[in-house]
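What's counted below: heavy atoms across the whole structure, side chains too, no hydrogens, waters or symmetry copies.
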Amino acid sequence: VLTTFDATCTPPSGSTFPIGQNMVSCSATDGVQTVSGSFNVSVVYGICALYDTQKPKKAGSAIPIKLNLCAADGSNFSSPGIVLHATSLTYLSGSAEGAPEAPGNSQPNNNFRFTSPSYHFNLKTTGLASGKWTLNFTVGGDPTVYSTPFVIK
């Protein structure tokens, strides 16, 4: 037996959500009973690397990490009003972590520089082991930790 029902959600289907956690509440009724529930939708930025993430760089060199914040369709959301802050390094070829360093005073407070239309971080690689690494960072007030890969030879 097929039963028809009416369902509604707040916000409604097709809504655009902002970055972060977003609660959706729905209810459905079939004329006899009503049921309801809710769930979280987590929205994060995409990271579009503007450098060859697989090309090994020499240990001790400075790696220019250049990237955009982007949507699923690749459109650029980068803006001078959104601060990217480098927080740590993770060694994927082993189990080490470390603090990001920039050569000289090129990255005050470990913040990426915004040079329209993208972000730049000059990463000092002195003392890093050969292998695959990630530079981890935060984006504005979003609590998500983002990362971008690089390789040391």
Side-chain angles (χ1 to χ4, degrees), residues 7-28 36-153:
T8 59
C9 293
T10 304
S13 178
S15 295
T16 301
F17 295 100
I19 297 295
Q21 294 294 318
N22 299 273
M23 177 68 71
V24 177
S25 299
C26 298
S27 65
S36 62
S38 59
F39 57 93
N40 278 318
V41 175
S42 180
V43 180
V44 296
Y45 289 104
I47 304 300
C48 294
L50 303 175
Y51 64 100
D52 186 347
T53 63
Q54 300 303 310
K55 183 178 180 183
K57 301 292 185 179
K58 185 177 178 184
S61 67
I63 300 176
I65 304 288
K66 185 176 177 183
L67 54 86
N68 285 340
L69 298 178
C70 53
D73 66 1
S75 56
N76 187 358
F77 282 122
S78 302
S79 142
I82 303 172
V83 176
L84 276 60
H85 177 75
T87 58
S88 65
L89 299 173
T90 302
Y91 184 47
L92 302 177
S93 299
S95 60
E97 288 198 11
E101 289 185 49
N105 192 22
S106 62
Q107 308 296 147
N109 301 316
N110 277 351
N111 290 336
F112 283 67
R113 285 185 331 276
F114 180 78
T115 307
S116 189
S118 57
Y119 297 94
H120 303 258
F121 191 93
N122 291 324
L123 178 65
K124 185 177 174 182
T125 63
T126 302
L128 298 184
S130 295
K132 296 180 179 183
W133 290 81
T134 61
L135 172 62
N136 308 306
F137 56 95
T138 56
V139 177
D142 183 358
T144 303
V145 176
Y146 295 84
S147 64
T148 190
F150 64 95
V151 180
I152 299 294
K153 63 178 174 180

Looking at OG1 of Thr144 and CD of Gln21, how far apart are the two atoms once the value is rounded to the nearest 0.5 Å? 7.5 Å
Assess, by modelled atom type and distance only, whether the side chains of Asn136 and Thr87 contain a donor and an acceptor separated by less than 3.5 Å. no
Point-to-point distance, once rounded to the nearest 0.5 Å, from CD1 of Ile65 to CZ of Phe150: 6.0 Å
If I compare all heavy atoms of Ile152 with all of Leu128, which pair ends up nearest, and what's the gap? CG2-O, 4.0 Å
Please find the pair of heavy atoms, one from Asn109 and one from His85, that lie closest to each other, and give the distance. O-CE1, 2.7 Å
Does the pair Leu69 and Ile47 meet the rule for a side-chain contact (heavy atoms from CB on, under 4.5 Å), with working shown? CA-CA 5 Å; Leu69 298 178; Ile47 304 300; 3.7 Å; yes
Using the rule given for side-chain contact (heavy atoms from CB on, under 4.5 Å), can you reason through Ile19 versus Val139, listing the C-alpha separation, both sets of side-chain angles and the distance that settles it, and then say yes or no? CA-CA 10 Å; Ile19 297 295; Val139 177; over 6 Å; no
If every non-hydrogen atom of Pro103 is compared with every non-hydrogen atom of Leu123, which pair is closest and at what distance? CD-C, 4.5 Å
In terms of heavy-atom contacts, Leu135 and Pro100 come closest through CD1-CB, 3.8 Å
Name of the residue among Phe114, Tyr45, Phe137, Tyr146 meeting ring pair (Phe, Tyr, Trp, His ring centres under 6.0 Å) with Tyr119: Phe114
Is the ring pair Phe121/Phe112 parallel, tilted or perpendicular, if the boundaries are 30 and 60 degrees? tilted
Find the distance between CG (Leu67) and NE2 (His120) and round it off to the nearest 0.5 Å. 9.0 Å
Does any N or O in the side chain of Thr125 come within less than 3.5 Å of the main-chain N or O of Gly60, such that one atom is a donor and the other an acceptor? yes
Can you check whether Lys132's main-chain N or O pairs, donor with acceptor, with Ser93's side chain at less than 3.5 Å? yes
To the nearest 0.5 Å, what is the distance between OG1 on Thr138 and CG on Asn111? 8.0 Å
So CG of Asn68 and OG of Ser75: to nearest 0.5 Å the spacing works out to 10.0 Å
Ignoring hydrogens, what is the shortest heavy-atom contact between Gly131 and Tyr91? Give both atom names and the distance. CA-CE1, 4.1 Å
To check you understand the geometry: which heavy-atom pair defines the closest contact between Lys153 and Ser130, and what is its length? C-OG, 3.3 Å
Short side-chain to backbone donor-acceptor contact, Asn122 and Ser106, under 3.5 Å: no
Distance (rounded to the nearest 0.5 Å) between Ser118 OG and Arg113 CZ: 9.5 Å
